[in-house]
Amino acid sequence: MRLRHIEVFQAIVEAGSISAAARQLNVSQPNVSRVLNHAEQQLGFTLFERHSQGMIPTLEAQRLIPEIRELYGRLQAIGVLTEQLRRGEGQTVRVGAAHAFGQMILAPAMVEYRRQNGFVNVDLVTEHFSTLCQNLLEDRLDFALVFGQQVPGELVSEPLFHSSMVALLPADSEQTSAVTLEWLCQNNLLMMQQEDPLGHVLHRALRDKALQPANSLYIKTYSVIADMVLAGGGVGIADLFTGRRYADQLRVLPIAQPLPFEVMLISRRDRPQSQSTLQLKQVIRTRLWELARQCEAQIHAEH
């Protein structure tokens with residue numbers, strides 16, 4: 001018996017007539033009769049005796065009923081499961097991110113995603129690049145949002161966005177236009193660590209110009225650089241998103257020599273992505289571009 005035969009057989013057993021089975025299946029009565037006749041022709045015996053009071057299962061059909069009822073129950077369970085999978089119910093998407101993306105990108109993106117997909121759980125961790133890569137390799141994360149740099153061969157990266165770093169100055173600074181690397185070095189530039197993705201770009205630019213900040217601190221987390229500037233510890237350089245986060249507390253200016261950075265999503269090369277994961281990635285991608293446009297427009301409009 002084919003699946004369609006089983007579905008019609010079960011509906012007739014439950015409903016008691018072809019017309020009632022048709023209504024239950026939301027199809028026409030001739031359609032049910034056609035499927036039933038086809039099933040009986042293939043089986044080589046009659047499944048129901050036609051009476052004015054309804055359809056009476058034959059002895060052969062009565063022996064089939066327990067097996068078909070069990071199978072039909074399994075088919076219904078599969079239908080429920082596929083609907084749950086479609087909605088992402090009971091699934092958990094594990095996301096990692098560089099610290100700079102936690103507040104400005106992922107927090108609102110996750111709120112929007114939960115609004116769209118209330119049945120999906122999301123686990124979020126913020127870590128440095130090397131730790132995020134290790135978590136992906138150990139299958140602790142589904143994907144991570146990071147600043148661009150070379151990833152291990154087992155991982156694959158999806159570039160999302162390009163921009164340039166910005167300068168962070170105290171709010172009372174007299175500077176109102178783009179500042180140079182020379183000026184920043186002369187005003188106690190708080191340095192990123194060289195192995196950091198953005199720090200690598202900055203250190204290379206300083207070497208090209210033979211510049212070296214005097215007595216500079218080397219800091220790994222961009223928000224800590226911003227907090228140090230806020231505390232009067234000097235001036236800093238950070239990504240666009242950290243700059244936007246501190247825009248009401250610090251003066252955020254363009255840098256005369258562009259210091260480019262890239263944002264990308266990284267994941268394991270050998271792991272297929274679930275529908276829920278793909279949907280969350282798209283929400284993050286949309287939020288990233290929206291915020292980036294706002295940040296760039298604000299900086300260029302003010303300065």
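Because the structure is predicted, anything quoted here is derived from the model rather than measured. Reckoned from all heavy atoms, side chains included, excluding hydrogens, waters and symmetry mates. Along the sequence shown, the residues carry numbers beginning at 1.
Between F101 and F147, the distance from one ring center to the other falls under 6.0 angstrom.
Looking at R268, its side chain does come within 3.5 Å of a backbone N or O of L137 through a donor-acceptor pair. Under the 3.5 Å distance criterion, the side-chain polar atoms of Q257 are matched with a main-chain donor or acceptor of L181.
Partners of S33 by side-chain contact (heavy atoms from CB on, under 4.5 Å), not counting sequence neighbours, listed by chain and number: I18. Applying the side-chain hydrogen bond (donor to acceptor under 3.5 Å, both in side chains) criterion to Q273, with sequence neighbours excluded, gives K281. The side-chain contact (heavy atoms from CB on, under 4.5 Å) search around S157 returns M264, I266, not counting sequence neighbours.
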message: As a quick check of understanding, evaluate salt bridge (Lys or Arg N to Asp or Glu O under 4.0 Å) for E290 and R244, giving each step before the final call.
response: CA-CA 13 Å; E290 288 174 350; R244 175 62 186 273; over 6 Å; no
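Within a 6.0 Å radius of CZ in R2, other residues, nucleotides and ligands contribute 12 heavy atoms or fewer. More than 12 heavy atoms of other residues, nucleotides or ligands shown are found within 6.0 angstrom of CD on E14. The number of heavy atoms from other shown groups lying within 6.0 Å of CZ (R63) does not exceed 12. With a 6.0 Å radius and a threshold of 12 heavy atoms from other residues, nucleotides or ligands, E174 has its CD atom at or below the threshold.
The aromatic rings of F241 and F161 are tilted relative to each other, their planes meeting at an angle between 30° and 60°.
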